[in-house]
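Reminder, nothing fancy here: chain letters follow the sequence lines and each chain counts from 1. If you're wondering where the values come from, they're calculated on a predicted model, not measured in any experiment.
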2 protein chains.
Amino acid sequence: MATKTAVTEKRYRIGEFATKTGLSGPTLRYYEKEGLVKPHRSDNGLRYYTDADASWIKFLLHLKGTGMTIEQLKQYVAWRAEGDATITKRLQLLKNVRRGFLQEFEELQHSMTILNDKIDWYQGKVDGHISDNEGFANYLASLNHEE
Amino acid sequence: MATKTAVTEKRYRIGEFATKTGLSGPTLRYYEKEGLVKPHRSDNGLRYYTDADASWIKFLLHLKGTGMTIEQLKQYVAWRAEGDATITKRLQLLKNVRRGFLQEFEELQHSMTILNDKIDWYQGKVDGHISDNEGFANYLASLNHEE
DNA sequence: ACATTAGTTAAAGTCGACTTTAACTCATAG
DNA sequence: CTATGAGTTAAAGTCGACTTTAACTAATGT
C-alpha cells in the first residue's frame, strides 16, 4: 500500500486567490459570509485557500453562469453540507436550473438571429445593397424568420 | 396609383399594451422616461401605443436580451434619432454587442457542459452507477472535458 | 525600524433595473 | 351619478450582487 506523502498543499492568501479565481477580495469575503466557500485560517488568523477551494469556486461560478442566484447556490451548498440524504434534492434543483437555462438559451438564440439580421440590414444600407427607404420590418419580412 | 385607405390603426392603452408586450405599466413608463419608446397621446391626455410601437419594443427587448444595458439602448436610440448620419456608429455598436454576446455564449455553453456533467454524476450516484466515494473531480477527469 | 503592502472586520454605499407609493384624474357600467 | 377600475405624475423604495469605507492589524522589503 502506498504511504501518504505529506506534500504540504499550496496555501493562497486572499489576494493571490482573488487573482487566481478572477474574483475580488471583497467578493470572496462576501461569498464566505453567504456560506458559499469556507476558507481556512493560518495560526496568525489570516485566511488561506487551496486548489480544492479554487475548483469549488470555479464550479460555483459555472452554476452561477447558468442563471442560479446566490440564494439558490446557498440552498445547494446547505443541502450538500447535509450529506447524501439530500442528493435527490440537489439533483432536482440542478435539473430545474437546466430546464430554465435551456429555455433562456433558446431565447438567446432568437435574439442573436434578430441582432444578426439587424447588422446585415445596416451593412446593406452602408454598402448600398438596401435602398435608403426600405425599413427593417420589410427587410425582416423578406427573410423567413418568423416570430 | 393606390389611394391611402385611412384604416384607423389600433390604439392600445398602457394596460393592454403591457399585456401585449409582457412588460408592466410602470416599466413602460420607465422606458419612456429613459427615451426608449415614445407613445402617443389621445386628446384626453392618455397614452396610447400602436402595433408599430409593439414591434419596436420587441426589437429593443431582443437587443436587451443580447446583453445591452439600458444605457446602451439609450445611446442606440439617440443615434437613431439623429438620422442616417449615425448609421455606421449604430452598426459598430451592434457589432460590438455581438462580439460580447458570442463570447458570453461560449462561456454559457461551457457552463452547460459542467452542469450536465454534474447532473449525470448525481444521477449515477442515485442509480448506483457511480461508487459512493468517487468525487466529482475524479468523475470530471474521467470525461474528456478539459478546462 | 519603519514604510509599504496586504489582510481583518462591520457597516454603509452603489448600481442597474425596475417597483411601489401617494395623491391625484379619467373612464365606464349600473 | 356614483362606485370601481384604469391612467397620470413625481418621488421614494427594493433587490441582487457586489463595492467602498473606516479603523484597524499583520507581513515584508530595505
Would you please name every residue forming a ring-ring contact (aromatic ring centres under 6.0 Å, His included) with Tyr48(B), sequence neighbours left out? His40(B)

In whole angstroms, the gap separating P of dC24(D) from CG of Asn44(A) amounts to 21 Å

Check whether Trp121(A) forms a cation-pi arrangement with Arg90(B) (NZ or CZ under 6.0 Å from the six-membered ring centre, at most 45° off the ring normal). no

Between Glu16(A) and Lys64(B), the residue closer to the 5' end of DNA chain C by nearest nucleotide is Glu16(A)

Hey, can you tell me if Tyr76(B) and Tyr122(A) have their rings parallel, tilted or perpendicular (30° and 60° cut-offs)? perpendicular

Which residue lies toward the 5' end of DNA chain D, Leu46(A) or Tyr31(A), if each is placed at its nearest nucleotide? Tyr31(A)

Distance-only polar pair, side chains of Asp53(B) and Tyr12(B), donor-acceptor under 3.5 Å: no

In whole Å, I'd like the distance from the CZ atom of Arg13(B) to the C1' atom of dA6(D). 6 Å

Could you report the tightest heavy-atom contact between Ile14(A) and Gly25(A), atom names first, then the distance? CD1-O, 3.7 Å

For Arg29(B), which contact category applies under a 4.0 Å heavy-atom criterion: base, sugar-phosphate, or nothing? base

For Leu28(B) and dG7(D), give me the distance from atom CG to atom P, rounded to whole Å. 10 Å

What is the distance, rounded to the nearest whole Å, between atom OH of Tyr30(B) and atom P of dT8(D)? 19 Å

Do the ring planes of His110(B) and His62(A) sit parallel (below 30°), tilted (30 to 60°) or perpendicular (above 60°)? perpendicular

Atom OH of Tyr49(B) and atom C1' of dA6(D): how far apart are they, to the nearest Å? 13 Å

Leading and trailing nucleotides of DNA chain C with any atom under 4.0 Å from heavy atoms of chain A: dA6(C) to dT9(C)

